[in-house]
Amino acid sequence: MEVLKINGKDREFVKGKLPDSVSELLDVLGVDQATVVAEVDGEIIERNDFSKTALSAGQKIELIRFVGGG
Amino acid sequence: MAFESCDKSEHGFSGDDFACVCASNLGEEVYAKLSGGCVAVAGLGGLGSVVSANLARAGVGRLIIADFDIVEASNLNRQQYFSDQIGMFKTNAAKQNLLRINPDIKVDSHCVKLGAEEIVSLFADADVIAECFDKPDQKQMIVETVLAKMKGKRIVAASGMAGFGNSNAIQTKAVSENLIIAGDMETGIKPGLGLYAARVGIAANHQTNAILELLINGSLDGGV
């Protein structure tokens, strides 16, 4: 098992099935990329870089999802 | 100092009267921090029209406000505009209302659709930025822009305020040193679940209250 810490909680992936990028992780989680601010190990990842930003086991990921209304 | 002693003007209420009332209510030290403060309000709908008005009431000296929209009849159920302002640009209507509260408030109004470039340039002077958009991708855009491109700048955003009831689900959350979010984090607008002045106002006042704490104390230590 490989682990990503997402919003403070461990999420396990079968070895070899860890999402390759922030983009892929959001797809796995079923989250609309346009509404999420992502931080990997304390660094803000801009939306344009979601697919270019590789992930590896053990990283800490914060995902802040926005919903409509204001 | 009693309020009566502030109301000296023979020609109606002046900016000096407003300053006197604020200083008397808050104390000189706190009022100096607020009157010397500058807050940017991005979006002037249900959130922004309330945040800007209540920051003005608290004595914040300068607001940078931005929106591209006009006041429509359908806004009056929850936004701080009035029927005689329908058809005005929200920037103009909001500025008019803010000056009615504090005749001396400095309002930089920008009638533009904010993108990353505008946010970075127009909001450079702000001590704190209030995210008051309605669309989730726009909320994402400004939060990402401020955190990635305006290092050290603080943004107070809002997410999750649709519907009615469940007041206590709305909270202020310090996500990181520079990002604070007010709301229940999950209740978005959808068919059959609209926006009400009350619940949007609760979120807006969570934002306002956090911003005041940041201006006065420099951090949210006491408030979350």
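Below, read A as the first sequence line, B as the second, and so on, with proteins coming before strands; counting in each chain starts at 1.
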Fill in: Portion of B/Ala157 that has a non-hydrogen atom of chain A nearer than 4.5 angstrom
side chain
Discussion item. Between B/Thr145 and chain A, with a heavy-atom cut-off of 4.5 Å, which part of the residue counts as in contact: side chain, backbone, both or neither?
Written reply: neither
Worksheet item: So what's closer than 4.5 Å to chain A heavy atoms on B/Lys190: side chain, backbone, both or neither?
Response: neither
Worksheet item: Looking only at atom types and distance, does a side-chain atom of A/Asn7 sit under 3.5 Å from a main-chain N or O of A/Leu63, one as donor and one as acceptor?
Response: yes
Worksheet entry | B/Asn168 CG: over 12 foreign heavy atoms closer than 6.0 Å | no
Discussion item. With a 4.5 angstrom heavy-atom cut-off, is it the side chain or the backbone of B/Gln138 that approaches chain A, or both, or neither?
Written reply: neither
Worksheet item: Is it the side chain or the backbone of A/Val37 that comes within 4.5 Å of chain B heavy atoms, both, or neither?
Response: both
Discussion item. If you count heavy-atom pairs within less than 4.5 Å of chain A, which of B/Ser159, B/Gly46, B/Ala203 leads?
Written reply: B/Ser159
Worksheet item: Can a donor-acceptor pair be found between the side chains of B/Asn92 and B/Gln85 at a distance below 3.5 Å?
Response: no
Worksheet entry | Atom CZ of A/Phe13 with >12 non-hydrogen neighbours under 6.0 angstrom | yes
Fill in: Heavy atoms from other residues, nucleotides or ligands near CZ of B/Arg78 exceed 12 (cutoff 6.0 Å)
yes
Practice prompt. Using a strict cut-off of less than 4.0 Å between a Lys/Arg side-chain nitrogen and an Asp/Glu carboxylate oxygen, indicate whether B/Arg199 and B/Asp184 qualify as a salt bridge.
Written response: yes
Worksheet item: Between A/Ile45 and chain B, which part of the residue has a heavy atom less than 4.5 Å away: side chain, backbone, both or neither?
Response: backbone
